[in-house]
Amino acid sequence: MPEVLPMPDAPPPTDAPVPAPYAVRIPGGAHPLGTPPFLDPGEVVMWRYRDYAWAPGRPETVSPMRVVRDDARGLVAWLAPGTPQLTKRYPDGSDLRDVALAERYVRAPHRVQARSRWRGAGILRVAQAGTPWSVWLFWDVPDGLDPADPAAHDTWEFAGWYVNLETAHHRAGHDTFTGDHVLDLWIEPDGTVHVKDADELEAAEQVGLLSADETAAIRLNAEHGRASFRAGDWPFDDAWTRWRPDAAWTTPDLRADEHWEVDLLDA
């Protein structure tokens, strides 16, 4: 199970800059999120997570998502239930968290590209321009109801915010690029803040995947993320908790030029 612990109280980092722990490889000509050209609502954007040392041909996580809005503030996109996506798995189909923590990042380079399907209820992701995290909104759907059925929308109950620490996004065409920073926050609807995967961040530093300076920057960004929530910044606007997807939207698919070595789509 991923480690989830109450986040210790700390003073808001009001005077500390928001650091950029590291960059990821992106196509030439990609532009920072929040700068034109923008995508229209309903268009499909491929939300891509690339590893710290990603190189062409290496696996990445790719999720086709519907654009909710895209403008100077940033990108808001919807991951629909049942969406086909690409993930990084071992050749036998097992996941990173199926491996003991001490070996997790040592064996990570052996992962390959796998096609799978998002099985949970949908996720609304809000990536604010220039910010090294995105905010994900989750909802609970009563048992027995199909979360993809617009008729069930009125039954959704907001479950909380997930602050995914990551590289500030850059976009090229219909692709947005970022890289995961391991550490995350989970914020309950009542405002209780938990820190997630602190043990994984420590393990990543111990094996040399991240430097001490990089992990310190990531921890500071977690404090910035909590301060953003306390301030009620745009990604945490209460209106997003009441948002629902357009009933006319179909579930997007992966592009024809994507590739994978393991197929878990209906496993």
Side-chain angles (χ1 to χ4, degrees), residues 23-89 95-96 111-138 148 162 164-181 235 243 245-246 248-266:
V24 294
R25 188 191 295 264
I26 57 176
H31 59 93
L33 212 63
T35 59
F38 297 117
L39 300 176
D40 292 328
E43 290 194 76
V44 176
V45 64
M46 310 300 283
W47 190 298
R48 297 181 181 271
Y49 282 101
R50 292 182 165 179
D51 285 339
Y52 178 49
W54 186 89
R58 293 296 300 155
E60 56 187 333
T61 298
V62 184
S63 299
M65 303 177 68
R66 291 283 178 191
V67 173
V68 176
R69 62 180 288 175
D70 183 31
D71 52 31
R73 281 189 166 185
L75 173 67
V76 183
W78 170 244
L79 177 64
T83 300
Q85 58 182 2
L86 298 180
T87 57
K88 295 168 286 187
R89 299 291 186 96
D95 197 3
L96 187 70
R111 290 182 296 173
V112 298
Q113 197 79 80
R115 185 174 69 155
S116 60
R117 190 184 302 279
W118 175 248
R119 298 289 184 184
I123 304 172
L124 185 69
R125 296 181 183 175
V126 184
Q128 186 164 298
T131 303
W133 61 79
S134 61
V135 178
W136 302 7
L137 286 82
F138 286 80
Y162 189 91
N164 198 77
L165 299 176
E166 61 195 33
T167 304
H169 284 240
H170 284 72
R171 203 173 65 245
H174 285 72
D175 297 85
T176 187
F177 297 89
T178 184
D180 188 75
H181 289 173
W243 178 89
D246 188 325
W249 284 349
T250 57
T251 302
D253 203 347
L254 294 163
R255 288 204 299 254
D257 61 349
E258 305 288 358
H259 72 279
W260 55 88
E261 289 75 41
V262 176
D263 197 348
L264 305 170
L265 189 65
D266 296 310

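Note that the structure is a prediction, hence the values are computed from the model and not measured. For the numbers below, each heavy atom of this structure counts, side chains included, while hydrogens, waters and symmetry mates do not.
- For the residue pair His259/Gln113, the side-chain donor-acceptor check at 3.5 Å is not satisfied.
- Between the Arg50 side chain and the Gly179 main chain, no donor and acceptor come within less than 3.5 Å of each other.
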Review point. Does the ring pair (Phe, Tyr, Trp, His ring centres under 6.0 Å) test come out yes or no for Trp243 and Trp78, once each step is laid out?
Key: CA-CA 11 Å; Trp243 178 89; Trp78 170 244; 5.2 Å; yes
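- To the nearest 0.5 Å, atom CZ of residue Phe138 and atom CG of residue Leu124 are 10.5 Å apart.
- Counting all heavy atoms, side chain and backbone alike, Leu39 lies closest to Asp70 at N-OD2, 2.7 Å.
- Residues Ala129 and Ala72 share a closest heavy-atom pair of CB-O, 3.8 Å.
- Across every non-hydrogen atom of Arg25 and Ala55, the tightest pair is NE-CA, 4.0 Å.
- For the atom pair Glu60 CD and Leu86 CG, the distance stands at 7.5 Å (nearest 0.5 Å).
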Exercise for review: Could you please spell out the steps behind the side-chain contact (heavy atoms from CB on, under 4.5 Å) verdict for Thr251 and Trp118?
Suggested key: CA-CA 11 Å; Thr251 302; Trp118 175 248; over 6 Å; no
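- Once rounded to the nearest 0.5 Å, the distance linking OG1 of Thr87 with CZ of Arg115 reads 11.5 Å.
- Sorted by first and then second residue, the ring-ring contact (aromatic ring centres under 6.0 Å, His included) pairs with a member in residues 51-77 read Tyr22-Tyr52; sequence neighbours excluded.
- Residues Met65 and Leu75 form no side-chain contact, since every pair of their non-hydrogen atoms from C-beta on lies 4.5 Å or further apart.
- No hydrogens or angles considered: a donor-acceptor pair under 3.5 Å links the side chains of Thr250 and Arg66.
- Here the straight-line distance linking atom CG of Leu33 with atom OG1 of Thr131 works out to 9.0 Å at 0.5 Å rounding.
- Ring planes of Tyr49 and Trp136: tilted class, angle from 30 to 60°.
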**Study point:** side-chain contact (heavy atoms from CB on, under 4.5 Å) between Arg89 and Asp95, worked out
**Key:** CA-CA 5 Å; Arg89 299 291 186 96; Asp95 197 3; 4.0 Å; yes
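- Nearest heavy-atom pair across Ala30 and Ile26 is CB-CD1, 4.0 Å.
- With rounding to the nearest 0.5 angstrom, the CE atom of Met46 is 4.5 Å from the CD atom of Glu258.
- Side chain of Asp51 to main chain of Ala53: no donor-acceptor pair is present (N/O by atom type, distance under 3.5 Å, no hydrogens or angles).
- Counting only distance, with no hydrogens or angles, the side chain of Glu261 and the backbone of Ala114 share no donor-acceptor pair below 3.5 Å.
- Counting only heavy atoms from C-beta outward, the side chains of Gln85 and Ser116 approach each other to under 4.5 Å.
- Tested against Ser134, the residues Gln128, Glu166, Arg125 include a single side chain to side chain donor-acceptor pair (under 3.5 Å) partner, Glu166.
- Of the charged side-chain nitrogens involved, none lies within less than 4.0 Å of a carboxylate oxygen, so that Lys88 and Asp180 do not count as a salt-bridged pair.
- The two residues Pro64 and Pro252 have their closest heavy-atom pair at O-CG, 3.6 Å.
- Here CZ of Arg171 is found 6.5 Å from OG1 of Thr176. Values are rounded to the nearest 0.5 Å.
- Taking the six-membered ring where the residue is Trp, the centroids of His169 and Trp47 are separated by under 6.0 Å.
- No side-chain heavy atom of Tyr162 sits less than 4.5 Å from a side-chain heavy atom of Ile123.
- In this structure, Asp266 and Arg117 approach most closely via the heavy-atom pair OD1-NH2, 3.0 Å.
- Side-chain contact check for Pro37 versus His31: some heavy-atom pair is nearer than 4.5 Å.
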